[in-house]
J.: 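Take this structure first; my questions come after.
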Amino acid sequence: MAIKRSNKLPQAAILKQILNRCSSLGKKQQQGYDEQGLPLDVPKGHFVVYVGENRSRYIVPISYLTRPEFQILLQQAEEEFGFNHEMGLTIPCEEVVFQSLTSMLR
């Protein structure tokens, strides 16, 4: 009997892709970015997501990427937007829901 291989990447590979994508978003030399193209207002160990209808910007710890609750949001983001667009990592949920979830993850 043949073993069926999944086309899905392992979770670690997906998280690495997300981190690489988030860290490469600001590569243009603009005001508010350092010489490596990283936003000055994002502390080490954090990344930016955009949430809600107005695409409000939130800075969240990288540790959230391993939390099952946050991974559900990432799956929804991938299904709705994919990870290959200019806006950055966009989470498709209402801001109040996102704020509630992240307050529980702290």
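Note: hydrogens, waters and symmetry copies are ignored here, and every other heavy atom, side chains too, is used. Bear in mind the structure is a predicted one, so any value in this text is a computation, not a measurement.
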J.: Tell me if a side-chain donor or acceptor on Q76 pairs with a main-chain N or O of I91 at a distance below 3.5 Å.
T.: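 No, Q76 side chain to I91 backbone: no donor-acceptor pair under 3.5 Å.
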J.: Applying side-chain contact (heavy atoms from CB on, under 4.5 Å), run through Y64 and L73 and close with a yes or a no.
T.: CA-CA 11 Å; Y64 284 10; L73 292 178; over 6 Å; no
J.: Is there a side-chain contact between F81 and P92 in this structure, where contact means two heavy atoms from C-beta onward sitting under 4.5 Å apart?
T.: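 Sidechains of P92 and F81: in contact.
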J.: For a 4.5 angstrom cut-off between non-hydrogen side-chain atoms, does V49 reach T90?
T.: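 Of all side-chain heavy-atom pairs linking T90 with V49, none is under 4.5 Å.
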J.: For residues L65 and Q71, determine if any side-chain heavy atom of one lies less than 4.5 Å from a side-chain heavy atom of the other.
T.: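 In short, these two side chains do not touch, never coming nearer than 4.5 Å.
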J.: Examine V60 and L105 and state if one hydrophobic cluster contains both, with Ile, Leu, Val, Met, Phe, Trp and Tyr joined whenever side-chain heavy atoms are less than 4.5 Å apart.
T.: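 Same hydrophobic cluster.
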J.: What I'd like to find out is whether the side chain of I59 reaches to under 4.5 Å of the side chain of F47, using heavy atoms alone.
T.: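 A side-chain contact is absent here, since even the closest heavy-atom pair is not under 4.5 Å.
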J.: Quick check: closest heavy atoms across G52 and E95, and the distance to 0.1 Å?
T.: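 Minimum heavy-atom separation between G52 and E95: CA-CG, 4.3 Å.
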J.: With clusters defined by side-chain heavy atoms of hydrophobic residues (ILVMFWY) lying less than 4.5 Å apart, directly or transitively, does I72 cluster with I62?
T.: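 No, because I62 and I72 fall into different hydrophobic clusters, even though each may have its own neighbours under 4.5 Å.
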J.: Distance only, no hydrogens: is a donor on one side chain within 3.5 Å (strictly under) of an acceptor on the other, for Y58 and Q99?
T.: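 Yes, a side-chain donor-acceptor pair sits under 3.5 Å.
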J.: Measuring from atom OG1 of T102 to atom CZ of F70, what distance do you get when rounded to the nearest 0.5 angstrom?
T.: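 With rounding to 0.5 Å, OG1 (T102) is 8.5 Å from CZ (F70).
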J.: Nearest 0.5 Å please: distance from the CZ atom of R67 over to the CE atom of M104.
T.: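 Going from the CZ atom of R67 to the CE atom of M104 covers 9.0 Å.
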J.: Can you tell me how far apart CD (E80) and SG (C93) are? Round to the nearest 0.5 Å.
T.: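 Output value for this atom pair is 10.0 Å.
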J.: Would you call V48 and L89 a side-chain contact if the rule is heavy atoms closer than 4.5 Å?
T.: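 Side-chain contact under 4.5 Å: no.
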J.: How long is the straight-line distance from CG of L74 back to CD of E79, given to the nearest 0.5 Å?
T.: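 One finds 11.0 Å between CD of E79 and CG of L74.
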